[in-house]
Amino acid sequence: MAMFTLGCGSDPETFADPTNQLPAHTNWNSYNLYRFDPTTQNWVKIVALAGPIDSIPALGDHPAILVHGLGGNIRGGSLTPLAQNLIQQGDASVVFGFEYDTQDAITRNSTYFTQALQLLNPGTVHPTWSMLGHSMGGLVIRASVQGNVLPIATTGNKVVTIATPHFGSPVANAVQGADAVTQTLVTGLLNQGGFTNADGNPSEASVNSAGITDLRTDSAFLASLNGAGNIDNHPQVLYFTIAGTNKGPFVTVNDLLRVNTDDGFVTVASANPPQLLPTGTGTVDSDHTHIQSDSRTLTLISGFLP
């Protein structure tokens, strides 16, 4: 059997034993927040399920917050190269990581993201933020930004989305519309990815979860997010988008589900939509999982920031 993953943040070599019986998934109804320590190059949890457990560092003049994608997390380190590069290039004064339940609805997670920003910005004078999201993470950020006045600078904040399905992914449609045998196969493979319960332990994944439903090209969530008056730039932020152009190991899932994408999960048209009025765009010859740490992606981002 060929190995692949629908999760955005896990590599096949990190998969668990597919015969494991995982506990049922339970919605977190909350979030975790980390700060990146450039000295140890580790992520330090400072908020556990919305409750502070460590001190919040000074924000400086240009803080950044990173948001992982479907089936990903912060503690696993998939966003560590990006965090390192932001600090090394002087593009961020401090870097935070937002960790959330990717099987839950994106609108709910966007509410938690807003709460995290409010926790980090308790005063009345706010710095200019850079908010960077991989895949689903970009939609979490957009859903928080749109329709809200956030506790960030009045103007000039930057949102960078990396392989984000702004107009959905045909993979999500195909998975949910597949026959029972294919759905069972995909569920087994999803269970080898990075889906967890709030305690951090692996949990069973569902192809019909709210998170995956929101990623459908015809989802009600995306119809609302991309509706008239919503899709263009928010007064507080400038958008930048990056798309992948190499399916890599995702070619197997594309063939199985009879879909055609550019990075294995998202098309360039969905990841770099002109309707978003991005200030800058770029493409990287990388697959959906590895694009977030690809050196070419990091170079593009350095050109967009601070």
Side-chain angles (χ1 to χ4, degrees), residues 1-18 68-73 76 78-79 81-82 102-103 133-139 161-195 205-209 211-219 222 241-273 281-298 300:
M1 179 188 299
M3 284 292 196
F4 60 90
T5 176
L6 293 182
C8 299
S10 300
D11 287 328
E13 56 266 28
T14 65
F15 284 166
D17 181 350
H68 61 79
L70 176 69
N73 55 61
S78 62
L79 288 169
L82 176 53
T102 65
Q103 294 200 70
H134 174 239
S135 194
M136 179 187 281
L139 295 175
T161 64
I162 307 165
T164 290
H166 293 285
F167 281 86
S169 168
V171 173
N173 297 57
V175 165
Q176 292 194 337
D179 59 70
V181 172
T182 301
Q183 284 200 346
T184 299
L185 170 63
V186 171
T187 298
L189 294 168
L190 283 172
N191 284 342
Q192 300 171 63
F195 296 91
S206 169
V207 299
N208 294 307
S209 67
I212 293 179
T213 298
D214 284 343
L215 296 179
R216 291 176 59 102
T217 59
D218 57 356
S219 75
L222 287 175
T241 63
I242 299 173
T245 58
N246 191 324
K247 292 184 179 69
F250 285 86
V251 67
T252 306
V253 69
N254 278 212
D255 290 344
L256 174 68
L257 297 174
R258 299 179 182 178
V259 299
N260 185 35
T261 65
D262 291 304
D263 72 355
F265 194 75
V266 185
T267 64
V268 170
S270 183
N272 285 351
T281 63
T283 58
V284 175
D285 185 29
S286 184
D287 66 75
H288 191 74
T289 295
H290 296 98
I291 189 173
Q292 60 188 320
S293 58
D294 193 293
S295 61
R296 294 162 294 187
T297 300
L298 304 185
L300 280 172

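- Residues T245 and V284 fail the side-chain proximity criterion, which asks for heavy atoms closer than 4.5 Å.
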Given the rule in the side-chain hydrogen bond (donor to acceptor under 3.5 Å, both in side chains) test, do N272 and T241 qualify, once you have shown the distances and angles that lead to the verdict? CA-CA 5 Å; N272 285 351; T241 63; 2.9 Å; yes
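- Note: N173 CG to I212 CD1 = 11.5 Å, rounded to the nearest 0.5 Å.
- Here the straight-line distance linking atom CD1 of I162 with atom CD1 of I242 works out to 5.5 Å at 0.5 Å rounding.
- The two residues Q176 and S209 come nearest to each other via the heavy atoms NE2-O, 4.1 Å.
- Using a distance-only test at 3.5 Å, with no hydrogens or angles considered, no donor-acceptor pair links the side chain of Q183 to the main chain of V207.
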Test side-chain contact (heavy atoms from CB on, under 4.5 Å) on L139 and L215; report intermediate values, then the result. CA-CA 9 Å; L139 295 175; L215 296 179; 3.7 Å; yes
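- For the atom pair OG of S286 and CD1 of I291, the computed distance is 5.5 Å after rounding to the nearest 0.5 Å.
- A distance of 8.5 Å separates OG1 of T289 from CG of D263, quoted to the nearest 0.5 Å.
- Distance CG/L70 to CD/Q103: 8.0 Å, rounded to 0.5 Å.
- Residues H68 and L79 have side chains in contact (heavy-atom distance under 4.5 Å, counting atoms from C-beta outward).
- The structure places OG1 of T187 at 6.0 Å from CG of L190, a figure rounded to the nearest 0.5 Å.
- In this structure, the side chain of T184 engages the main chain of A180 through a donor-acceptor pair within 3.5 Å.
- Distance alone, capped at 3.5 Å, is enough to place a donor-acceptor pair between the T164 side chain and the S135 backbone.
- G211 approaches M136 most closely through the heavy-atom pair O-CE, 3.6 Å.
- With hydrogens and angles disregarded, a donor-acceptor distance shorter than 3.5 Å links the side chain of N254 to the backbone of G264.
- The minimum heavy-atom distance linking D285 with R296 is given by the pair O-NH2, 3.0 Å.
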Apply side-chain contact (heavy atoms from CB on, under 4.5 Å) to L82 and L298, showing your working. CA-CA 6 Å; L82 176 53; L298 304 185; 3.8 Å; yes
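- Residues T217 and S169 have side chains not in contact (no heavy-atom distance under 4.5 Å, counting atoms from C-beta outward).
- A side-chain N or O of H166 and one of T161 form a donor-acceptor pair less than 3.5 Å apart.
- With D287 contributing its side chain and F250 its backbone, the two residues share no donor-acceptor pair below 3.5 Å.
- Contact annotation: the side chain of H134 approaches that of H288 to within less than 4.5 Å [non-hydrogen atoms, C-beta and beyond].
- The closest side-chain heavy-atom distance from V171 to L257 is below 4.5 Å.
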Pair D179-T182, side-chain contact (heavy atoms from CB on, under 4.5 Å): steps then yes or no: CA-CA 5 Å; D179 59 70; T182 301; 3.2 Å; yes
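- Across every non-hydrogen atom of S270 and G168, the tightest pair is OG-O, 3.0 Å.
- Closest approach of A174 and V259 over heavy atoms only: CB-CG1, 3.6 Å.
- Between D255 and K247, every side-chain heavy-atom pair lies at or beyond the 4.5 Å cut-off.
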